[in-house]
Q: 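Below: one structure in structure tokens.
These values consider heavy atoms only, across backbone and side chains, with no hydrogens, waters or symmetry-generated copies.
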Amino acid sequence: MGYDLVIFDNDGVLVDSEPLANGILAEYLTELGHPTSYEESLRDYMGAAVHRVHDLVMERTGGRLPDDFEEQLNARTFAALEREARAVPGVEEVLGALTASGVGYCLASSGSHEKIRVGHRAAGLDGWFEEEWIFSSEDVGRGKPAPDLFLHAARSMGVEPGRCVVVEDSPLGIEAAVAAGMDVFAFTAMLPADRLPGATGHFGDMKQLTGLLGLEAGLGM
């Protein structure tokens, strides 16, 4: 095992929520007079904190989103997560293998702490993560693609960046991991490898991750 800490992105890596969240975001922006397709939402906002939505709308249109934009977006997203969120197939086997091998892991997400917990409860993953293993863009000044969130996670877990590996599915997340001086394995379930440049390696099935990490397959909790 070449790493002391595995840092997981959340949406699309642990919880199969990227299609859901990006569909809701695209629909809501369109309602507000900023026509956005699902594909455009993936391209522009996948893996990003909500401030990026505000920034791009301002940059492109000169207009501001409503003051309650985040509140309304969260209400729609959380309701959908509670109904439909599922764990990414194979991820519990990976977490079981890490646990059995004594390798530390945590998550670092652009989503809020509340969104992370809502998704984990619905997907049945809440038993895998202690509160102190969960890091959100809310905890730092700059979200992905800045390296701050991953560096904060490594520091909090007591591991040097060079001993960490990140598991990501978005270009912004990969950029952040590389900027943090960490290796990064890109999960290609949502985007193909050619749209995820800069990664240490790519994989399309979560069950392949145990091999990339040099682990024996584990058992779920």
Side-chain angles (χ1 to χ4, degrees), residues 8-61 63-66 68-89 91 107-123 125 136-138 143-146 149 166-177 184-199 202-206:
F8 291 93
D9 177 42
N10 187 57
D11 294 299
V13 172
L14 297 172
V15 181
D16 189 13
S17 51
E18 285 287 13
L20 193 66
N22 280 279
I24 290 168
L25 176 57
E27 180 181 43
Y28 188 31
L29 285 172
T30 300
E31 285 179 21
L32 293 172
H34 305 286
T36 305
S37 69
Y38 171 74
E39 290 74 19
E40 288 168 337
S41 182
L42 289 179
R43 181 195 68 199
D44 294 339
Y45 305 121
M46 182 176 169
V50 71
H51 69 76
R52 179 176 172 87
V53 184
H54 288 274
D55 292 346
L56 285 186
V57 168
M58 172 62 76
E59 177 183 316
R60 291 168 175 174
T61 71
R64 295 183 181 276
L65 293 168
D68 66 346
F69 173 79
E70 187 170 359
E71 178 183 348
Q72 294 299 322
L73 178 65
N74 284 343
R76 297 181 185 205
T77 303
F78 293 177
L81 287 172
E82 288 171 350
R83 292 192 308 268
E84 304 176 43
R86 300 291 183 272
V88 169
V91 78
L107 75 84
S109 173
S110 293
S112 67
H113 281 281
E114 185 179 5
K115 180 185 178 187
I116 294 165
R117 279 307 188 192
V118 168
H120 279 209
R121 284 195 298 269
L125 293 176
S136 161
S137 61
E138 293 179 321
K144 305 170 189 177
L149 178 56
V166 174
V167 185
E168 264 286 356
D169 69 338
S170 75
L172 294 176
I174 291 170
E175 185 179 344
V184 53
F185 292 127
F187 185 37
T188 60
M190 287 289 296
L191 297 176
D194 62 3
R195 291 183 61 186
L196 297 169
H202 297 82
F203 66 104
D205 185 326
M206 190 57 67

Q: Within this structure, what is the CG-CD distance for the pair L196 and E175, rounded to the nearest 0.5 Å?
A: 12.5 Å

Q: For residues F185 and H202, establish whether the separation of their ring centroids is below 6.0 Å.
A: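 Not close enough - the centres of the two rings lie 6.0 Å or further apart.
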
Q: Does V88 form a side-chain contact (heavy atoms from CB on, under 4.5 Å) with V15? I'd like the steps, not just the answer.
A: CA-CA 5 Å; V88 169; V15 181; 5.8 Å; no

Q: Begin from the C-alpha positions of V166 and D9 and carry the test side-chain contact (heavy atoms from CB on, under 4.5 Å) through to its verdict.
A: CA-CA 7 Å; V166 174; D9 177 42; 5.8 Å; no

Q: Of all heavy-atom pairs between S110 and S137, which one has the smallest distance, and what is that distance?
A: O-OG, 2.7 Å

Q: Less than 3.5 Å apart, any donor N or O on the side chain of S41 or N22 sitting next to an acceptor on the other?
A: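 Yes, a side-chain donor-acceptor pair sits under 3.5 Å.
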
Q: Which is it for R121 and E82 under the salt bridge (Lys or Arg N to Asp or Glu O under 4.0 Å) test, yes or no, and what are the steps along the way?
A: CA-CA 8 Å; R121 284 195 298 269; E82 288 171 350; 5.3 Å; no

Q: Quick check: closest heavy atoms across L172 and A48, and the distance to 0.1 Å?
A: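 The pair with the smallest heavy-atom distance is CD1-CB, 3.6 Å.
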
Q: Would you call E168 and K144 a side-chain contact if the rule is heavy atoms closer than 4.5 Å?
A: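 Of all side-chain heavy-atom pairs linking K144 with E168, at least one is under 4.5 Å.
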
Q: Can you check whether M58 reaches R64 side chain to side chain, under 4.5 Å on heavy atoms?
A: yes

Q: If I compare all heavy atoms of A186 with all of A199, which pair ends up nearest, and what's the gap?
A: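 Taking every non-hydrogen atom into account, CB-CB, 3.7 Å.
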
Q: Taking the side chain as every heavy atom from C-beta outward, state whether V13 and E18 have any atom pair closer than 4.5 Å.
A: no

Q: Do you know the tightest heavy-atom contact between S136 and L149?
A: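 The answer is O-CD1, 3.4 Å.
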
Q: For E71 and D68, indicate whether the former's side chain and the latter's backbone hold a donor-acceptor pair under 3.5 Å.
A: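 No, the answer is negative, given that no donor and acceptor are paired below the 3.5 Å cut-off.
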
Q: With under 30° as parallel and over 60° as perpendicular, where do the rings of F203 and F187 fit, or are they tilted in between?
A: parallel

Q: Drop me the distance from R76's CZ to Y28's OH, to the nearest 0.5 angstrom.
A: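 The distance works out to 5.5 Å.
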
Q: Could you check if a side-chain atom of L107 sits within less than 4.5 angstrom of a side-chain atom of H120, using non-hydrogen atoms only?
A: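 They are in side-chain contact.
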
Q: Are the side chain of T188 and the backbone N or O of L191 linked by a donor-acceptor pair below 3.5 Å?
A: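 The answer is no, because no donor-acceptor pair under 3.5 Å joins these two groups.
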
Q: Apply the test salt bridge (Lys or Arg N to Asp or Glu O under 4.0 Å) to residues R60 and D55: give CA-CA distance (whole Å), side-chain angles for both, the deciding distance (0.1 Å), then the verdict.
A: CA-CA 9 Å; R60 291 168 175 174; D55 292 346; over 6 Å; no

Q: A quick test of your reading: do over 12 heavy atoms of other residues, nucleotides or ligands sit less than 6.0 Å from CD of E70?
A: no

Q: Taking all atoms of both residues into account, what is the closest heavy-atom pair of M46 and L42, and its distance?
A: CB-O, 3.1 Å

Q: What are the two closest non-hydrogen atoms of R52 and Y45, and how far apart are they?
A: O-CE2, 4.0 Å

Q: If we only count heavy atoms from C-beta on, is the I174 to P197 side-chain gap below 4.5 Å?
A: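 No, their side chains stay 4.5 Å or more apart.
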
Q: Which value, rounded to the nearest 0.5 Å, describes the distance between N10 atom CG and R117 atom CZ?
A: 10.0 Å

Q: Carefully, step by step, assess D11 and I116 under the rule side-chain contact (heavy atoms from CB on, under 4.5 Å).
A: CA-CA 8 Å; D11 294 299; I116 294 165; over 6 Å; no

Q: Rounded to the nearest 0.5 Å, how far apart are CZ of R43 and OH of Y38?
A: 14.0 Å

Q: Could you tell me if the side chain of M190 sits less than 4.5 Å from the side chain of P19, heavy atoms only?
A: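 With C-beta onward as the side chain, the pair touches.
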
Q: As an exercise, state the distance from CG of N74 to CG of L81, rounded to the nearest 0.5 Å.
A: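 Spacing of CG (N74) from CG (L81) equals 9.5 Å.
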
Q: Look only at the side chain of S17 and the backbone of L20, and say whether a donor-acceptor pair between them is shorter than 3.5 Å.
A: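 Pair absent, no side-chain N/O of S17 close to backbone of L20.
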
Q: Taking the side chain as everything from C-beta on, heavy atoms only, tell me whether L32 gets closer than 4.5 Å to F69.
A: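 Yes; the side chains approach each other to less than 4.5 Å.
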
Q: Just wondering, do K115 and T77 contact through their side chains at under 4.5 Å, heavy atoms?
A: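 In contact.
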
Q: Working note: T36 + L25, criterion side-chain contact (heavy atoms from CB on, under 4.5 Å); need CA distance, chi angles, decisive distance, verdict.
A: CA-CA 8 Å; T36 305; L25 176 57; over 6 Å; no

